[in-house]
J.: 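Here it is, the structure in full.
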Amino acid sequence: MTTVGVIGLGYVGLPLAVAFAQEGCEVIGVDLEPRKIEAIGAGEPYIEDVSAEELLAVSGRIEATTRYERLIDTEAILICVPTPLTRNREPDLGPLIGATRALAQVLRADQLVVLESTSFPGTTREYVAPLLEESGLLAGRDFHLAFSPERVDPGRTDFTIRNTPKVLGGLTDGCAERAEALYRIVCDRLIRVSSPEAAELTKLLENIFRSVNIALVNELAMLTDRMGIDIWEVIDAAATKPYGFMRFDPGPGMGGHCMPVDPFYLSWRAREFDMATEFIELAGKVNQQMPYHCVAKAQRALNEQGLSVKGARVAVVGVSYKAGVGDVRESPALKIIALLRDLGAEVLYHDPHVPGLGEFGLRSTPLEEAVVGADLALIVTAHPGVDHELVTRRARVVVDLRGVTRSAPATNVVRL
Ligand SMILES: NC(=O)c1ccc[n+]([C@@H]2O[C@H](COP(=O)([O-])OP(=O)(O)OC[C@H]3O[C@@H](n4cnc5c(N)ncnc54)[C@H](O)[C@@H]3O)[C@@H](O)[C@H]2O)c1
């Protein structure tokens, strides 16, 4: 039986810990937050991708703790801590360095360490390896080290850890083989690349690809707004091409832990190589513009009614950064709410996944109550199960930033 350690029990680490436990592994999960340790111990998951039943079913095989010493008896350790940006939008390796230093204190010979956190090429070799070697053990010789990016798409059920191919790159061939043997337990298809750097860049390419393409359709959405063309109609038509086109939809901007953050890890690293990654910067700029464009659209919609934003009651429908999840990190809805409030609007919201928005002192209002009393309903995130038809029927004016009202055209709806 394999014993696996997971450092960082968040959106990435907890599902991974559960996946290994489901396959019969003993899992030691380490996190700094006692709240999460207690929740796991009580069988109460705090993210959508792990149900209470799943957690309870493996509770005998997952030990959650704040103590790194508990990792001593594990065969492999997966690092899944956050990799955010600093206030100046530069990589903040603080959590990663903290976790790696703490791991170095307890590392022992023959263990496998895999970094799963997204980061720039060179992180595993130039940052993680030397810190772990402070243990006195040599990476690639005394312990194995690899990088394997997590590809989880929170809220998604058709692609899971099991059927999403997993990319990995080892410091040595021996490291890669060891990592392959480990991931074969939970994943059907492994894609081995020649180095940790190739694996690190693979993950960034995937995210940058999305960011750039979303920015492209967002820019077109701003243009079609001026031209009086329906962007959704155009995308629907283009998507009928059987080759050479991949559909991306416009929206209010990018949120979550990955899209608004990861690409800048590469642009920062690129500067060391005298290279400006212009696509990344431009995509970031366009996507960051979107909340402003969306608020301007709301402002115009109110204006059509003879109303100003100041004093208007605006019901925001959906505030998490994507459909089906409750994660509000970097959510464009937060920016939109702040902008509307700055303009003097009274904002309320409905989101079945987000009971409260502490920073705004708001609680989720039942859908009908929220939209009936509002001057404007703003669909920012379209969760499955939310009755958008009711929003169209009951609200005075609707601004739909997700194209969910297309199937039932109505005169009181304005779309992105
Ligand atoms: N969320 C996603 O959809 C997603 C997808 C793919 C990759 N990633 C990447 O995976 C990494 C983790 O992301 P996440 O969304 O799971 O973050 P998260 O914030 O949900 O979870 C990270 C956890 O690490 C813990 N932590 C922080 N420092 C620690 C330390 N020194 N020791 C132990 N625990 C520590 C935190 O308390 C937290 O529980 C990031 O690099 C992210 O970019 C995330």
Side-chain angles (χ1 to χ4, degrees), residues 5-19 28-40 45-50 64-71 74 77-85 91-107 113-121 123-124 127-128 131-132 147-156 159-161 164-168 199-211 254-266 320-331:
V6 178
I7 302 179
L9 298 168
Y11 283 89
V12 167
L14 185 59
L16 209 50
V18 169
I28 308 285
V30 178
D31 202 288
L32 297 180
E33 280 188 44
R35 178 184 65 85
K36 290 187 178 165
I37 304 304
E38 283 159 27
I40 294 170
Y46 40 83
I47 56 172
E48 292 86 0
D49 288 352
V50 174
T65 175
T66 53
R67 294 171 50 229
Y68 273 79
E69 308 90 79
R70 295 293 301 123
L71 295 171
T74 57
I77 297 138
L78 314 177
I79 304 178
C80 309
V81 297
T83 43
L85 293 173
D92 176 4
L93 291 186
L96 177 58
I97 289 171
T100 310
R101 282 228 160 92
L103 176 59
Q105 305 283 317
V106 297
L107 191 73
V113 179
V114 185
L115 177 61
E116 292 239 0
S117 304
T118 310
S119 191
F120 51 79
T123 307
T124 308
Y127 290 78
V128 176
L131 286 170
L132 291 179
F147 180 83
S148 180
E150 181 49 66
R151 283 172 151 174
V152 66
D153 185 8
R156 192 162 193 142
F159 285 105
T160 59
I161 292 174
T164 305
K166 193 140 180 54
V167 173
L168 61 90
E200 287 160 338
L201 188 54
T202 302
K203 171 71 185 176
L204 291 177
L205 169 61
E206 291 165 11
N207 284 353
I208 293 163
F209 175 81
R210 278 188 63 70
S211 166
M254 283 193 312
H257 190 308
C258 296
M259 292 301 147
V261 174
D262 300 349
F264 298 101
Y265 265 66
L266 187 62
S320 65
Y321 85 91
K322 68 177 276 200
V325 303
D327 191 350
V328 295
R329 290 180 294 180
E330 311 263 343
S331 174

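Whatever order the structure lists them in is the order used to number ligands and atoms, beginning at 1. Count residues from 1 along the sequence.
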J.: For atom 37 (O) of ligand 1, what's the nearest protein heavy atom and its distance?
T.: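 Checking every protein heavy atom, the shortest distance to atom 37 (O) of ligand 1 gives Asp31 OD1, 2.6 Å.
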
J.: Would you kindly specify which portion of Lys203 sits under 4.0 Å from ligand 1, judged on non-hydrogen atoms: side chain, backbone, both or neither?
T.: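 Lys203 to ligand 1: side-chain contact only, backbone stays beyond 4.0 Å.
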
J.: Run the side chain to side chain contact (heavy atoms under 4.5 Å, CB included) check on Lys322 and Arg156 step by step: do they pass?
T.: CA-CA 11 Å; Lys322 68 177 276 200; Arg156 192 162 193 142; 5.6 Å; no

J.: Looking only at side-chain N and O atoms, does Thr118 offer a donor or acceptor that is under 3.5 Å from a partner on Lys203?
T.: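 Absent: no donor and acceptor within the cut-off.
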
J.: Report the distance from atom OG1 of Thr74 to atom CG of Leu103, rounding to the nearest 0.5 Å.
T.: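 CG of Leu103 is found 8.0 Å from OG1 of Thr74.
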
J.: At their closest point, which heavy atom of Asp327 faces which heavy atom of Glu48, and how far apart are they?
T.: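 Where Asp327 meets Glu48 most closely, the heavy atoms are N-OE2, 4.5 Å.
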
J.: Which of the atoms in ligand 1, numbered in the order shown and given with their element, are less than 4.0 Å from a heavy-atom of Glu33?
T.: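 Those atoms are 37 (O).
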
J.: Using a plain distance cutoff, I'd like to know if His257 has any nitrogen or oxygen under 3.5 Å from a nitrogen or oxygen of ligand 1.
T.: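 Yes, His257 has an N/O under 3.5 Å of an N/O on ligand 1.
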
J.: Does an N or O anywhere in Ile7 fall below 3.5 Å from an N or O of ligand 1?
T.: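 No, Ile7 has no N/O under 3.5 Å of an N/O on ligand 1.
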
J.: Quick one: pull up CG in Asp92 and OH in Tyr265 and give me the separation to the nearest 0.5 Å.
T.: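 Asp92 CG to Tyr265 OH: 6.0 Å, rounded to 0.5 Å.
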
J.: What protein heavy atom sits nearest atom 2 (C) of ligand 1, and how far off is it?
T.: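 The closest one turns out to be Cys258 SG, 4.0 Å.
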
J.: Can you pull out the closest protein heavy atom to atom 27 (C) of ligand 1? Residue, atom name and distance to 0.1 Å, please.
T.: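 Nearest neighbour among protein heavy atoms for atom 27 (C) of ligand 1, to 0.1 Å: Pro82 CD, 3.5 Å.
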
J.: Near Pro154, which atoms of ligand 1 are under 4.0 Å from a heavy atom of that residue?
T.: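 Reading through ligand 1 atom by atom, the close ones are 3 (O).
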
J.: Are the side chains of Val167 and Arg151 in touch, meaning some heavy atoms are under 4.5 Å apart?
T.: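 Touching, per the 4.5 Å side-chain cut-off.
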
J.: Tell me which protein heavy atom sits closest to atom 21 (O) of ligand 1, plus the residue, atom name and distance to 0.1 Å.
T.: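 Among all protein heavy atoms, the one nearest atom 21 (O) of ligand 1 is Gly10 CA, 3.2 Å.
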
J.: Does CZ in Arg210 sit with more than 12 non-hydrogen atoms of other residues, nucleotides or ligands closer than 6.0 Å?
T.: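 No, the 6.0 Å shell around CZ holds no more than 12 heavy atoms from other groups.
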
J.: So which protein heavy atom does atom 16 (O) of ligand 1 come closest to, and at what separation?
T.: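 Looking only at protein heavy atoms, the one closest to atom 16 (O) of ligand 1 is Val12 N, 2.8 Å.
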
J.: Using a strict 4.0 Å cut-off to heavy atoms of Thr83, name the atoms of ligand 1 that fall inside it.
T.: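 In order of number, 40 (C), 41 (O), 43 (O).
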
J.: Identify the protein heavy atom lying closest to atom 9 (C) of ligand 1, giving its residue, its atom name and the separation to 0.1 Å.
T.: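 Answer for atom 9 (C) of ligand 1: Thr118 OG1, 3.5 Å.
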
J.: Looking only at protein heavy atoms, identify the closest one to atom 11 (C) of ligand 1 and say how far it is in Å.
T.: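 Protein heavy atom at minimum distance: Val81 O, 3.4 Å.
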
J.: Taking both backbone and side-chain atoms of Lys36, is any N or O found less than 3.5 Å from an N or O belonging to ligand 1?
T.: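 Looking only at distances, the answer is yes, because the N/O contact criterion of under 3.5 Å is met.
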
J.: Starting at CD1 of Ile40, measure out to CG of Leu14 and round the result to the nearest 0.5 Å.
T.: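 Interatomic distance, Ile40 CD1 to Leu14 CG, rounded to 0.5 Å: 5.0 Å.
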
J.: Any chance you could measure Leu32, atom CG, to Tyr68, atom OH, to the nearest 0.5 Å?
T.: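 The CG atom of Leu32 sits 5.5 Å away from the OH atom of Tyr68.
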
J.: Could you tell me whether Tyr68 approaches ligand 1 through its side chain, its backbone, both or neither, with non-hydrogen atoms closer than 4.0 Å?
T.: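 The part of Tyr68 near ligand 1 is the side chain, not the backbone.
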
J.: Decide whether the shortest distance between a heavy atom of Arg329 and an atom of ligand 1 is less than 4.0 Å.
T.: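 It does, in that a heavy atom of Arg329 comes within the 4.0 Å cut-off of ligand 1.
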
J.: Checking a contact table here: which protein heavy atom is nearest atom 1 (N) of ligand 1, and how many Å away?
T.: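 For atom 1 (N) of ligand 1, the nearest protein heavy atom comes out as Tyr11 CB, 3.5 Å.
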
J.: With sequence neighbours left out, what residues match Pro82 under side chain to side chain contact (heavy atoms under 4.5 Å, CB included)?
T.: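 Per chain and number, Pro82 pairs via side chain to side chain contact (heavy atoms under 4.5 Å, CB included) with Pro84, Pro95, His257.
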
J.: Does any pair with a residue in residues 31-40 pass salt bridge (charged side-chain N to carboxylate O under 4.0 Å, His left out), and if so which ones, sequence neighbours excluded?
T.: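 Found Glu33-Arg35, Glu33-Lys36.
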
